[in-house]
Asks: 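Here it is, the structure, as structure tokens.
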Amino acid sequence: MTNFPATVGAVWKQESARIVGGLLRLVHDVGRAEELAQDALVAALEQWPATGIPDNPGAWLMTTARRRAVDDIRRARTRERLAPDLARRPEPAEDDVLRLMFTSCHPVLPAEARAALTLRVVAGLSPAEIARAFLVGEQVITQRIAAAKRTLAESGAAYEPSGQLSSVLEVVYLIFNEGYAATSGADLIRADLCLEALRLGRMLAKLAPAQAEVHGLVALMEIQQSRSAARTGPAGEPIPLHEQNRGRWDQLLIRRGFAAMLRAREAGGPAGPYVLQAAIAVCHTADKTDWVRISSLYESLERLLPTPVVRLNRAVAVAFAYGPQAGLDLLDELHADPRMAGYHLLPGVRGDLLIRLGRAAEARGELERAATLAHNTAERDFLRRRAAALDVPEDQGRPLGPAVAEYLGPLRPATARAYGQTLHRVVRLAGDRTPVASLTSERLAEIFALCWPEVSPRTWNRHVAAIRSFTTWAGEPSLAAALQPRPLPATLGAASLSEPVGAVPALRERVLWCLLRESGAKVGAVLALNVEELNLDDRSARDATIVWRSGTAALLPELIAGRTRGPLFLAGRRPGPGRPPAAADLCPETGRRRLSYERAAYLCKRLTGHTLLQVQRQSAVSSDWSRCSAADGSATIELTAIDAALPDGAIPT
């Protein structure tokens, strides 16, 4: 008995790219083209069990989808505008697929959206399959795909093969790389992604046979994939290239890679990045690897792609060609690059070279740091086993990771969260097994420079405060000696309430900010004021613990509006029945509740783009505050950046 759902699914995976590509030429919208193709798929599931599977299932789906597209165009009353497209002789299906690939990989989309959309509309994978491949939630993938379709539709992205080829190759290689060396999860290799990338690459090579870089990418993926069976051990642990059993390499894939390299050579032109990487992969297939040749190829590749990852790979080749010290010298140049701060392969490679130089103690520290940075479980376990296998005495002293955990444990949740953001980042870069006593102030300063090279003085000082608190607790205060606070700007720039970022501020906001600036009182204390606590004649409240000047005095009577009791600052509406406020926070005359701190902070940010707390902190210097008057209802105030206590865009209810 025929399994119709399975048969339809297999046909869809093979034909979906051609069908969606053909429809894209008619409707000019990737999202709508896929919807029409899905309608045809539903029709097949409904009709084929009764009528049988047609002789040419793909043609049946295409015909059904085209008919629905024509009906859709008629209903949208755009038949006349698109009549030339409908009357035109159909282009070859290969052109449709090529158009679809270039559209789904358009540079207007972010890289992760390009990859998701390509796997969806070109490879025919479901959102659930794509989510499993990238280890994210299905909802995340669905949102990425929907956002990508929306962006393409709104931007009117044009089909420009010459300008978009590099983007297509980048997406295909991104998919292959994620499968070849998974960035996270338990498995080192995700074979399904590798095979899909190979299928896309081979398809692209047929559709664009004159492009050398396309054939170079295919050759690179074929040869890399040929080693997949030898790259992992019995327990899934990674096996380095020079230790692999070459008898397990797939010779058929190697031959296919060689053939692709010949086609790239026949296409002519200067060697591009993918052709050069494929040439490096070809060198590895020889009985004896020519490391001198490989280091020369990496030097050429670095001229085309001067990225730190290319330099890292070149350092490995140089180490094998000219000795580990030569490779280590190149690695040391990358040590201060912020882009490599969290890249686990840098300390991993460095640890390997230190082992070859006989510096086991240093190598162990680097391998443990690499394990801390690695997200993939197989890689992390492998690095830890290598570190543990080194014959190095155990370091004396408390390891950094457990020490940080012990320090954060008793703190209040908010404090632990804030300090943890700093300390956990330091642990990742220094290594969680590194003894606290072995750290130096220079190393901590280097980590800070890598992690936070261009942060604002306020953010920098917050990180410095966290590390100083920890080092003092650990009995090593000198570790933070090289970390000096940065001075805050002398002036923070004026923001006029008469020209706010958002809507014109209400009287309540003007009084609040004016009172904060003139009194210098804490925000919470000002928001807690009641009308009956005010002494308008003396311009004070709460036994003169809060005092103000003429600006506030001119605005307060209008705000009070004859009220004799209850909160001074009121919310804009009455509370709902489900959340009654405390009696002290409810105005008996208006029925409204007290203005909350969160709402006040949000209003300040929305209207001025600055923080509420900074009004209070800058209250000591306000030479222009005398301009606050009831005559024009405005005030010139000095504020600073948005307060981190309330996330941007959060609207308290």
Side-chain angles (χ1 to χ4, degrees), residues 13 115 118-119 123 125 129-130 132-135 169-205 214-261 264 273-289 294 297 309 312-313 316-317 320 344-345 348-349 352 374-383 385-386:
K13 189 159 285 190
T118 301
L119 289 174
L125 299 185
E129 291 174 312
I130 302 171
R132 283 197 299 271
F134 285 99
L135 296 183
L169 298 178
E170 176 188 343
V171 169
V172 174
Y173 195 35
L174 182 153
I175 294 170
F176 181 81
N177 264 345
E178 182 58 31
Y180 187 75
T183 54
S184 58
D187 299 323
L188 181 67
I189 301 173
R190 296 180 194 152
D192 54 343
L193 276 184
C194 290
L195 296 177
E196 282 300 332
L198 270 172
R199 189 168 77 86
L200 292 173
R202 292 165 183 166
M203 181 192 306
L204 187 59
V214 174
H215 297 298
L217 175 59
V218 172
L220 173 62
M221 293 191 298
E222 299 276 14
I223 296 175
Q224 297 283 75
Q225 181 64 11
S226 72
R227 301 198 292 263
S228 60
R231 290 184 61 231
T232 55
E237 71 278 9
I239 299 177
L241 177 62
H242 60 280
E243 297 178 9
Q244 291 174 12
N245 179 3
R246 299 195 173 205
R248 301 188 64 194
W249 289 6
D250 190 324
Q251 296 301 315
L252 174 60
L253 290 177
I254 292 176
R255 288 194 294 272
R256 295 184 70 160
F258 285 173
M261 277 296 288
Y274 295 109
V275 171
L276 286 174
Q277 291 179 75
I280 292 170
V282 167
C283 290
H284 284 300
T285 62
D287 293 336
K288 185 177 180 181
T289 302
I294 290 175
L297 288 170
V309 175
L312 174 64
N313 283 278
V316 174
F320 277 101
H344 71 285
L345 289 182
V349 170
D352 184 72
H375 294 285
N376 184 276
T377 303
E379 280 190 295
R380 184 165 56 243
D381 293 344
F382 170 74
L383 290 166
R385 283 195 299 270
R386 287 200 69 191

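Only a predicted model underlies this, so the values are computations on that prediction, with no experimental measurement involved.
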Asks: Which heavy atom of Gln224 sits nearest a heavy atom of Ala281, and at what distance?
Replies: OE1-CB, 4.4 Å
Asks: Calculate, to the nearest 0.5 Å, the distance between atoms CG and CG belonging to Leu217 and Leu200 respectively.
Replies: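 If we round to the nearest 0.5 Å, Leu217:CG and Leu200:CG are 10.0 Å apart.
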Asks: Would you say that Cys283 contacts Leu297 through its side chain, given a criterion of any heavy-atom pair below 4.5 Å between the two side chains?
Replies: yes
Asks: Is there a side-chain contact (heavy atoms from CB on, under 4.5 Å) between His215 and Met261 once you walk through the steps?
Replies: CA-CA 6 Å; His215 297 298; Met261 277 296 288; over 6 Å; no
Asks: Are any side-chain N or O atoms of Gln244 and backbone N or O atoms of Ile239, one a donor and one an acceptor, separated by less than 3.5 Å?
Replies: yes
Asks: Keeping Arg248 on the side-chain end and Ala229 on the backbone end, is there a donor-acceptor pair under 3.5 Å?
Replies: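 Side chain of Arg248 to backbone of Ala229: a pair is present.
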Asks: So, for Ala219 and Gly257, which heavy atoms are closest and what is the spacing to 0.1 Å?
Replies: CB-O, 3.4 Å
Asks: Atom CD1 in Ile280, atom CG in Leu220: separation rounded to 0.5 Å?
Replies: 9.0 Å
Asks: Distance alone, cut at 3.5 Å: any donor-acceptor contact between the side chains of Gln277 and Tyr173?
Replies: yes
Asks: Identify the heavy atoms of Ala197 and Ile175 that sit nearest to each other, and give their distance.
Replies: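 Minimum heavy-atom contact is CB-CG2, 4.0 Å.
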Asks: Taking the side chain as every heavy atom from C-beta outward, state whether Ile223 and Leu253 have any atom pair closer than 4.5 Å.
Replies: no
Asks: Are side-chain heavy atoms of Thr285 and Phe258 found at a separation under 4.5 Å?
Replies: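 Yes, close enough: below the 4.5 Å cut-off.
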Asks: If you round to the nearest 0.5 Å, how far is CZ of Arg256 from OG of Ser226?
Replies: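 If I round to the nearest 0.5 Å, the distance is 12.0 Å.
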Asks: Between Arg246 and Arg227 (side chain of the first, backbone of the second, donor and acceptor by atom type, cut-off under 3.5 Å), is there such a pair?
Replies: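 It does not hold such a pair.
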Asks: Kindly give the heavy-atom pair with the smallest separation between Ala317 and Ile294, and that separation in Å.
Replies: CB-CG2, 3.8 Å
Asks: Both conditions, 6.0 Å and 45 degrees, for the charged tip of Arg231 above the ring of Tyr180: are they met here?
Replies: yes
Asks: So, are Arg386 and Asp352 salt-bridged, with charged N and O less than 4.0 Å apart?
Replies: yes
Asks: For a side-chain contact (heavy atoms from CB on, under 4.5 Å) check, start with the C-alpha distance between Leu195 and Gln225, then their side-chain angles and the critical distance, and finish with the verdict.
Replies: CA-CA 9 Å; Leu195 296 177; Gln225 181 64 11; 4.3 Å; yes
Asks: Just wondering, do Arg380 and Phe382 contact through their side chains at under 4.5 Å, heavy atoms?
Replies: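 When only atoms from C-beta onward are counted, Arg380 and Phe382 do not touch, as no gap falls below 4.5 Å.
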Asks: Run the numbers on Glu222 and Arg255 for salt bridge (charged side-chain N to carboxylate O under 4.0 Å, His left out), then give the verdict.
Replies: CA-CA 9 Å; Glu222 299 276 14; Arg255 288 194 294 272; over 6 Å; no
Asks: Does the pair His344 and Asn376 meet the rule for a side-chain contact (heavy atoms from CB on, under 4.5 Å), with working shown?
Replies: CA-CA 10 Å; His344 71 285; Asn376 184 276; over 6 Å; no
Asks: What do the steps show when you test Val214 against Leu169 for side-chain contact (heavy atoms from CB on, under 4.5 Å), and what is the final call?
Replies: CA-CA 7 Å; Val214 174; Leu169 298 178; 3.9 Å; yes
Asks: Which atoms form the tightest heavy-atom contact between Gly201 and Val218, and what is the distance?
Replies: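 For Gly201 versus Val218, the nearest heavy atoms are O-CG2, 3.3 Å.
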